[in-house]
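Please read the structure below before turning to the comments.
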Amino acid sequence: MAPGAALTWELADDGVAVVTFDLKNEPVNKISAAVKQDLLATFEALEHDTAVRAVAFFSGKPENFIAGADIEEFVRLTTAAEAERLSAEGQELLGRVARSPKPLAVGIHGACLGGGLEFALACGYRVASDHPRTQLGLPEVQLGILPGAGGCQRLPRLIGARAALDIILAGKVESARKAFRLGIVDELVHPAILRDVTMAAAQRMAGGWRPRRKRPGGFRGWLLDGNPLGRRLVFRAARKQVLGQTHGNYPAPLAALEAVEHGLRHGMTAGLKREAQLFGQLAVTDVSRKLVQIFFATTALKKDFGIPNPPPPTVVSRLGVVGAGFMGSGIAGTAIAQAAVDVRIKDADLPRVAKGLAAAREILDDRLKRRRITPYEHARLIALLSGSDHYTGFGRAELVIEAVFEDLQVKQQVLHEVETVTAPDAVFASNTSTILIHRIAEAASRPEQVIGMHFFSPVARMPLLEVIPSGRTAPQVVSTAVGFGRRMGKTAIVVKDSPGFWINRILTPYMNEAGHLLVEGVAIEEIDRLMVEFGFPVGPITLMDEVGMDVGEKVVGVMHEAFGERFAPVPAFAGMVKSGRLGRKVGKGFYQYAGGKKRSVDSAVYELIGAHPNGGPRPAEIIQRLVLVMLNEAARGVGEGIVRSPRDGDVGAIFGFGFPAFRGGPLRHADDLGAARIVSELERLAERYGARFAPCDVLREQAQRNAKFHP
Ligand code: 3H9
């Protein structure tokens, strides 16, 4: 083998060549140009070696199979033609693997993603370990591209168009168990016997045996996607769904759909050609560049503890949660589901504890229902959950998170109680959204152990965690909070202890502006529709209903007090709270809710807030006001050091409330618009609508120096 080569092979006694892929000095195996050369040379040698009768292929990495094509390589491409060539070369290589006279069996343990799965699909037989780390999928559309090495062709042929589109169009990654159920994997085994089972399959194939696979989906599968008529319906439905979800902002899913459809209609060769063309077009789009930047930003955050020279985090094996409400139970259930830690919930009385335990359990039941965990794992995890109306069991907790009523005195009282029952080095984290951490810590006997961990609702689904050290928090406490948040599956950003932290700081002016627009006569649905088209998952009025008007009122109040007039609440909103229209949780807000679903706007609301929908400003002006007021506050926040970097600010906004990912986050979007343009627009808006639009110093300086947040 060539020195430094990523692939090595040796011949076992029975004519099976064992190939190992291990990219040296890299944490994961990825397919770069050099690896492609290596693969080609290796397969040529195997083909020519008459002693080789079959091949068994493994990764040399203990926890990773192949993470796909090398992303860094394709972001360097500058033209669609270059990108198309890259895709065609990948297809050619995998075509060769698929046509190889020496049959291949792969043993998959760890992540098998993108080009990695496309490689596995080109092989004759796939064995996967049933380890939780073994995940298979085609996440390409999450990067704004499509599976460009034959994935859009081979996956639908293997598992049927419907199941393949489900994975490709959403960029899904599935557990090995699900992949086995879908027919992507031929055998699912314990990691301890992965090698032996793969070798045995290769031996059988060396003897002429070939796997016989059933038609995907049985008769129903044939009816729907085994014939042209059924397929047409499948594609029509998929296209409609994609457009409904992306509003035309993300070109990759539609292009992937086209690549799959073209291949099934015109055959493999034509399909591959179209796939490569579309890959080429997508790879150089601005959307793809933005999504790749987010991938690298979140990857960097996985290793970043938010402080210089972070001490190793304390390993949390027992978590105490005080407050069995919606947030507390969400934190408890998610901590068990993701980190498998022992959790004890405490609340003032047993009925509340019982309710919290039931809600936490629902998170685990949901995982079971979605078959993310087995009944055995479910039973094991449920056993980790307990609760009480006193603090028994808290003495052994390394971390306690409080999620009690948003009141300084109440929180300080809980802190005092927790300190008396926990070990001196236990961490106390507050899930407050409105109270400053240093204020809570004023009541602490061990203030260095106090920190903020601000989760978002619903905890099980929202991917962001704000970690807020006060000026006195010990570095190890920061590492512990970030580390544990990460184990809970969250992307954690460390933010400054300042009113609203990062997310509420930039959301509040946006929500308030929606209120101003309402009062000026813009219809509720119109405001929401425009922002959904801009790329938000829901509009600001729907978001208010989700958050709850009472919570919103509290947040605005705090911000108004801290920052003055530009945060002044819209008076009309007070009526909503007074009349009990708190939002989804009570079944009525701006919209009506029935059976857990959002229904139409409740027109009675207009009277309540004294507004009369009459059109209001032009759509472009509405969008501009909502977006620029947020960008202005975000820029101001960066200037104040609320986030440690524009990277954290962008990732936070995308994961915290769904700022459109294809725009790269509020600060990248500001860079795209340009500070000079934003400043002049803000000045115009300030003249027309008031000082809340006055451009902040950070933007003014940037405009002067022609500077950017992300140089
Ligand atoms: C593709 O395949 C296109 C094809 O269809 C067609 C082409 C023609 N490339 O996340 P981690 C780096 S597109 C380059 O901390 P984990 C990562 O940046 C690809 N680098 O580890 C980090 O670098 P550093 C489709 C990559 O264990 C280091 O590896 N595939 C790639 O938490 C460790 O990463 C994907 O989208 C890559 N493909 O998670 C999968 N993958 O140490 C992307 C990783 O310098 N990758 N790196 O900061 C992942 O989802 C996760 O990294 C993975 C491991 C689950 C694999």
Side-chain angles (χ1 to χ4, degrees), residues 6 21 23-36 39 59 61-77 80 82-95 108-122 131-155 164 167-168 170-176 252 255-256 259-260 272-273 275-284 288-289 291-304 483 486-487 489-491 647:
F21 180 15
L23 199 55
K24 295 284 173 266
N25 306 321
E26 290 286 348
V28 301
N29 282 331
K30 50 194 176 180
I31 307 176
S32 60
V35 168
K36 265 189 243 161
L39 273 166
S59 159
K61 304 280 181 217
E63 296 192 321
N64 163 264
F65 181 68
I66 304 175
D70 187 344
I71 300 171
E72 287 183 52
E73 212 162 67
F74 75 68
V75 291
R76 285 199 292 268
L77 302 170
E82 268 180 284
E84 181 177 341
R85 206 171 320 123
L86 183 96
S87 167
E89 282 165 11
Q91 293 174 346
E92 176 57 35
L93 173 70
L94 296 191
I108 302 164
H109 176 73
C112 173
L113 304 176
L117 179 58
E118 292 176 297
F119 166 74
L121 291 172
H131 194 274
R133 286 196 79 99
T134 303
Q135 307 251 314
L136 298 95
L138 295 172
E140 281 88 340
V141 300
Q142 310 262 13
L143 300 171
I145 52 169
L146 53 70
C152 294
Q153 313 307 318
R154 289 197 176 89
L155 192 62
I167 291 177
I168 295 172
K172 271 193 194 164
V173 173
E174 304 283 14
S175 66
V260 173
L272 287 171
K273 191 156 182 235
E275 180 181 300
Q277 283 168 346
L278 291 164
F279 178 92
Q281 291 166 17
L282 292 172
V284 291
S288 175
R289 294 281 140 95
L291 296 178
V292 168
Q293 279 156 356
I294 295 165
F295 167 74
F296 284 120
T298 44
T299 304
L301 270 167
K302 286 189 201 173
K303 294 192 265 288
D304 188 343
R486 221 169 263 158
R487 282 176 63 202
K490 306 300 171 202
T491 292
R647 175 201 71 186

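Whatever order the structure lists ligands and atoms in, that order sets their numbers, starting from 1. All residue numbers refer to positions in the sequence shown, counting from 1.
- Which parts of ligand 1 touch K30 is read off a 4.0 Å heavy-atom cut-off, strictly below it: atoms 9 (N), 14 (C), 20 (N).
- Remark: the backbone N or O of S59 is not paired with any side-chain donor or acceptor of N29 at under 3.5 angstrom.
- Closest to atom 56 (C) of ligand 1, if we only count protein heavy atoms, is A67 CB, 3.6 Å.
- The closest protein non-hydrogen atom to atom 50 (O) of ligand 1 is L113 CD1, 3.8 Å.
- Considering only non-hydrogen protein atoms, atom 16 (P) of ligand 1 sits nearest to K302 NZ, 3.7 Å.
- Two residues are said to be in side-chain contact when any heavy atoms from C-beta on lie closer than 4.5 Å; F21 and L39 fail this criterion.
- The proximity of Q91 to ligand 1, defined as any non-hydrogen pair under 4.0 Å, does not occur for either the backbone or the side chain.
- Contact annotation: for L138 versus ligand 1, there are no heavy atoms closer than 4.0 Å.
- Of all heavy-atom pairs spanning V173 and P139, the tightest one is CG2-CB, 4.2 Å.
- Panel note: side chain R154, backbone E118; no donor-acceptor pair is recorded below 3.5 Å.
- Of the listed residues (I31, L146, V28), the one carrying the non-hydrogen atom nearest atom 54 (C) of ligand 1 is V28.
- Annotation for ligand 1: atoms under 4.0 Å from non-hydrogen atoms of P147 are 5 (O).
- Which parts of ligand 1 touch G68 is read off a 4.0 Å heavy-atom cut-off, strictly below it: atoms 2 (O).
- The shortest side-chain heavy-atom distance between R647 and L301 falls under the 4.5 Å cut-off.
- In this structure, G151 does not count as a contact residue of ligand 1, since none of its heavy atoms falls inside 4.0 Å of the ligand.
- Counting only distance, with no hydrogens or angles, the side chain of S175 and the backbone of Q135 share no donor-acceptor pair below 3.5 Å.
- In this structure, atom 23 (O) of ligand 1 lies nearest to the protein heavy atom K303 NZ, 4.3 Å.
- Within the model, atoms CG of L138 and CD of E174 stand 10.0 Å from one another, a figure rounded to the nearest 0.5 Å.
- Which parts of ligand 1 touch P139 is read off a 4.0 Å heavy-atom cut-off, strictly below it: atoms 30 (N), 35 (C), 36 (O).
- Between N64 and ligand 1, not a single N/O pair is under 3.5 Å apart.
- The atoms of ligand 1 that sit less than 4.0 Å from any heavy atom of R133 are 27 (O).
- Using a 4.5 Å cut-off on side-chain heavy atoms (C-beta onward), E73 and I31 make no contact.
- Nearest heavy-atom pair across A88 and A276 is N-CB, 4.2 Å.
- Here E118 has side-chain heavy atoms under 4.0 Å from ligand 1, and that is the only part of it that gets that close.
- When the heavy atoms of F119, F295, F74, F296 are ranked by distance to atom 13 (S) of ligand 1, first place goes to F74.
- At least one side-chain heavy atom of I168 sits less than 4.5 Å from a side-chain heavy atom of P147.
- For E72, no nitrogen or oxygen atom sits less than 3.5 Å from a nitrogen or oxygen atom of ligand 1, counting backbone and side chain alike.
- Atom 28 (C) of ligand 1 has P27 CG, 3.4 Å as its closest protein atom, hydrogens excluded (heavy atom only).
- In terms of heavy atoms, I145 sits closest to S288 at CG2-OG, 3.8 Å.
- Distance check on atom 45 (O) of ligand 1: every protein heavy atom falls at or beyond the 4.0 Å cut-off.
- The option from G171, G90, S87 that lies nearest to atom 8 (C) of ligand 1, judged by heavy atoms, is S87.
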Between L86 and F279, is a side-chain contact (heavy atoms from CB on, under 4.5 Å) present by the stated rule, with each step listed? CA-CA 9 Å; L86 183 96; F279 178 92; 4.0 Å; yes
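- At least one side-chain heavy atom of R289 sits less than 4.5 Å from a side-chain heavy atom of V284.
- Near G114, meaning under 4.0 Å from one of its heavy atoms, ligand 1 places the atoms 2 (O), 25 (C).
- In this structure, G90 and A149 approach most closely via the heavy-atom pair C-CB, 4.2 Å.
- Side chain of Q153 to backbone of A259: a donor-acceptor contact under 3.5 angstrom is found.
- When hydrogens are left out, the protein atom nearest atom 9 (N) of ligand 1 is I71 N, 2.9 Å; that is the closest non-hydrogen contact.
- Remark: ligand 1 and I145 share no N or O pair separated by less than 3.5 Å (distance only, no angle test).
- At distances below 3.5 Å, at least one donor-acceptor pair connects side-chain atoms of K61 with backbone N or O atoms of E26.
- Every heavy atom of K61 sits 4.0 Å or more from the atoms of ligand 1.
- Among protein heavy atoms, the minimum distance from atom 38 (N) of ligand 1 is reached at A69 O, 2.9 Å.
- Of the protein's non-hydrogen atoms, T299 CG2, 3.6 Å is the one closest to atom 22 (C) of ligand 1.
- Taking a 4.0 Å cut-off on heavy atoms, G115 registers as neighbouring ligand 1.
- Contact atoms of ligand 1 toward D70: 9 (N), 14 (C) (distance under 4.0 Å to a heavy atom of the residue).
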